[in-house]
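This report refers to the structure that appears directly beneath it.
For reference, positions follow the sequence shown, starting with 1. Since the structure is predicted, the reported quantities are computational estimates derived from the model, not experimental observations.
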Amino acid sequence: MMRSFVPEKSLEEIAARLGQDRVERDVPLAPHTTFKIGGPADLFYRARSAGELVLAVRIAREMEVPYFLLGAGANILVGDRGFRGLVIKNEVKRILFLDETRVKAESGVRIHHDLIQATVSRGLGGLHHFAGIPGTVGGAVWQNLHFLAPPPGRERTMFIAETVEGATVLAEGGEVRAVDRDYFQFSYDHSVLHDRRDVVLDVTFRLEPRPREELQYVISENLKWRDDHHPDLWLYPSAGSIFRKIEGAGAGRLIDQCGLKGRVVGGAQIFYKHANIIVNLGGAAAADVRALIELAQTTVKRGLGHDLTPEIGFIGEF
């Protein structure tokens, strides 16, 4: 398989415009993802303000150089051959409380611990349901972050869309504009950001005053639930659920029924606790993960007649 090509002249111009001292070359992406998998990026730039983020995206678009906006690196698998073009690491992390119930967070802010800690310390609930889930504000809105809560019953799925009031985005046309919640067209695992090249700069959340003891209880119970069902990312790096939800069945249950829980390819394993999660046992390649994904898809289709659709993003070259 041939690698795609970005002209060296274009890479040099981007580095010059963003600052030679700010742009790194051939940076391995594995350390910047929760999977700890991924080859090098041609160029790697850390955007530390909204202005820098806008500038980097506009330059890449103007020069027609592929770019990828990297947050916490969750819910993605980066190819072993890396990314040809510019990777923009979103380190835009300001949090501003607008009044008693509203908070504006820039898109690079981590939901857990940073934003949850800041809001819970003020007795504000809504975001506390997502304790323990890795990701940034931008990624959470892109995917409409969700979790089954509240404890102990966990009767329904809580979506981050329920807390969003509005946002500031760099639209695909190049203008910076304010938008309301309806703009995102939220649905399960989806927002309009899947279909448009908009970049979220900040999000305003409207939260609800709640007793801090209640918030801490929910956080504690949710963290315990995740410990029982999900891998510890320090021990077993992963990208979370691999396949989209299947109504009435459940991707993990289907994979488990086919006897694939615990199956290993190379350094990757279908997690022994949760069959819809693949973990890096140490030194796994993207090719190992892809092999397990394809194994699960073909086995479930042949044995149970269901199609498994990945929900993670596949980034770069494989």
Side-chain angles (χ1 to χ4, degrees), residues 49-50 53 71-72 74-75 90-169 176-193 198-230 233 240:
S49 70
L53 181 56
N75 208 41
N90 187 348
E91 296 184 352
V92 184
K93 299 181 179 180
R94 186 174 59 169
I95 299 173
L96 176 65
F97 285 91
L98 303 178
D99 54 37
E100 290 80 4
T101 60
R102 295 186 305 145
V103 59
K104 178 183 289 187
E106 291 186 314
S107 56
V109 171
R110 300 284 181 127
I111 296 288
H112 179 87
H113 300 273
D114 298 346
L115 189 54
I116 291 176
Q117 184 177 35
T119 54
V120 168
S121 68
R122 292 185 175 227
L124 295 175
L127 298 172
H128 65 297
H129 295 294
F130 310 110
I133 304 176
T136 60
V137 166
V141 172
W142 187 85
Q143 191 70 6
N144 193 12
L145 184 67
H146 54 81
F147 193 67
L148 195 61
R154 304 193 184 278
E155 293 90 358
R156 75 178 187 91
T157 301
M158 313 293 291
F159 293 92
I160 204 161
E162 300 172 51
T163 66
V164 173
E165 180 178 85
T168 306
V169 301
V176 175
R177 56 182 295 203
V179 300
D180 61 14
R181 177 172 58 185
D182 291 342
Y183 177 84
F184 290 104
Q185 301 175 29
F186 287 116
S187 59
Y188 197 98
D189 278 339
H190 190 82
S191 74
V192 74
L193 301 174
D198 294 349
V199 173
V200 174
L201 302 178
D202 61 59
V203 178
T204 297
F205 299 95
R206 183 176 291 277
L207 306 177
E208 180 183 2
R210 305 296 301 173
R212 293 184 189 179
E213 297 78 11
E214 175 188 318
L215 301 178
Q216 293 293 351
Y217 166 75
V218 171
I219 289 173
S220 177
E221 290 300 306
N222 283 0
L223 291 176
K224 289 177 182 177
W225 190 94
R226 288 186 62 82
D227 284 344
D228 289 340
H229 295 83
H230 289 253
L233 290 178

Practice item. Please tell me if the side chains of F205 and T119 come closer than 4.5 Å, counting only heavy atoms from C-beta onward. Key: no
Point to revise | All ring-ring contact (aromatic ring centres under 6.0 Å, His included) counterparts of H112, not counting sequence neighbours | key: none
Check your understanding: With distance as the sole criterion, is a donor-acceptor pair present between the side chains of D202 and T168 under 3.5 Å?
Key -> yes
Exercise for review: May I ask you to decide whether R181 forms a salt bridge with E165, counting only side-chain N to carboxylate O separations under 4.0 Å?
Suggested key: no
Review point. Is R156 salt-bridged to E162, cutoff N-O under 4.0 Å?
Key: yes
Exercise for review: Could you check V192 against F186 for side chain to side chain contact (heavy atoms under 4.5 Å, CB included), going step by step and ending with a plain yes or no?
Suggested key: CA-CA 7 Å; V192 74; F186 287 116; over 6 Å; no
Review point. About how many Å separate CD of E155 and CG of L148, when rounded to the nearest 0.5 Å?
Key: 8.5 Å
Exercise for review: Dump the intermediate steps for side chain to side chain contact (heavy atoms under 4.5 Å, CB included) on L201 and E106, then the final yes or no.
Suggested key: CA-CA 6 Å; L201 302 178; E106 291 186 314; over 6 Å; no
Check your understanding: R110 side chain to P134 main-chain N or O, any donor-acceptor pair under 3.5 Å?
Key -> no
**Study point:** Residue pair H146 / D189, side-chain heavy-atom distance below 4.5 Å
**Key:** yes
Review point. Can any side-chain N or O of S191 pair as donor or acceptor with the backbone N or O of W142 at less than 3.5 Å?
Key: yes
**Study point:** K224/D227 salt bridge by N-O under 4.0 Å criterion
**Key:** no
Check your understanding: Is a donor on one side and an acceptor on the other found under 3.5 Å between the side chain of S220 and the backbone of Q216?
Key -> no
**Study point:** Flag side-chain contact, heavy atom, 4.5 Å: T136 against S107
**Key:** no
Exercise for review: Just jot down the side chain to side chain contact (heavy atoms under 4.5 Å, CB included) partners of R122, sequence neighbours excluded, or say none.
Suggested key: F97, L124
Check your understanding: Can you tell me if CD on Q117 sees more than 12 non-hydrogen neighbours from other groups inside 6.0 Å?
Key -> no
Review point. How far apart are the closest heavy atoms of N222 and A149, and which atoms are they?
Key: ND2-CB, 4.4 Å
Check your understanding: Picking from L145, I111, I116, what satisfies side chain to side chain contact (heavy atoms under 4.5 Å, CB included) with I133?
Key -> L145
Point to revise | H229 (side chain) donor-acceptor with W225 (main chain) under 3.5 angstrom | key: yes
**Study point:** Check: L98 and V103 side chains under 4.5 Å, non-hydrogen atoms
**Key:** no
Revision key, fill the gap. Minimal heavy-atom distance between P150 and M158, with the atoms involved, is CD-SD, 4.3 Å
Check your understanding: Within a strict 4.5 Å, meaning less than it, do heavy atoms of the P151 and Y217 side chains meet?
Key -> yes
Practice item. Step through the shown structure and confirm whether more than 12 heavy atoms of other residues, nucleotides or ligands are within 6.0 Å of CZ on R154. Key: yes
Exercise for review: Mind listing the closest non-hydrogen atom pair of R94 and V109 along with its distance?
Suggested key: O-CG2, 3.7 Å
Review point. Are the side chains of V199 and V169 in touch, meaning some heavy atoms are under 4.5 Å apart?
Key: no
Exercise for review: Decide side chain to side chain contact (heavy atoms under 4.5 Å, CB included) for F147 and R226; before the verdict, give the C-alpha distance in whole Å, the side-chain angles of both, and the deciding distance to 0.1 Å.
Suggested key: CA-CA 10 Å; F147 193 67; R226 288 186 62 82; 3.8 Å; yes
Practice item. Measure from the ring center of Y188 to the ring center of F159 and say whether it is less than 6.0 Å. Key: yes
Check your understanding: Can you check side chain to side chain contact (heavy atoms under 4.5 Å, CB included) on N144 and F184, steps first, answer last?
Key -> CA-CA 9 Å; N144 193 12; F184 290 104; over 6 Å; no
Review point. Could you give all pairs that pass the ring pair (Phe, Tyr, Trp, His ring centres under 6.0 Å) test and reach residues 113-133, with sequence neighbours left out?
Key: none
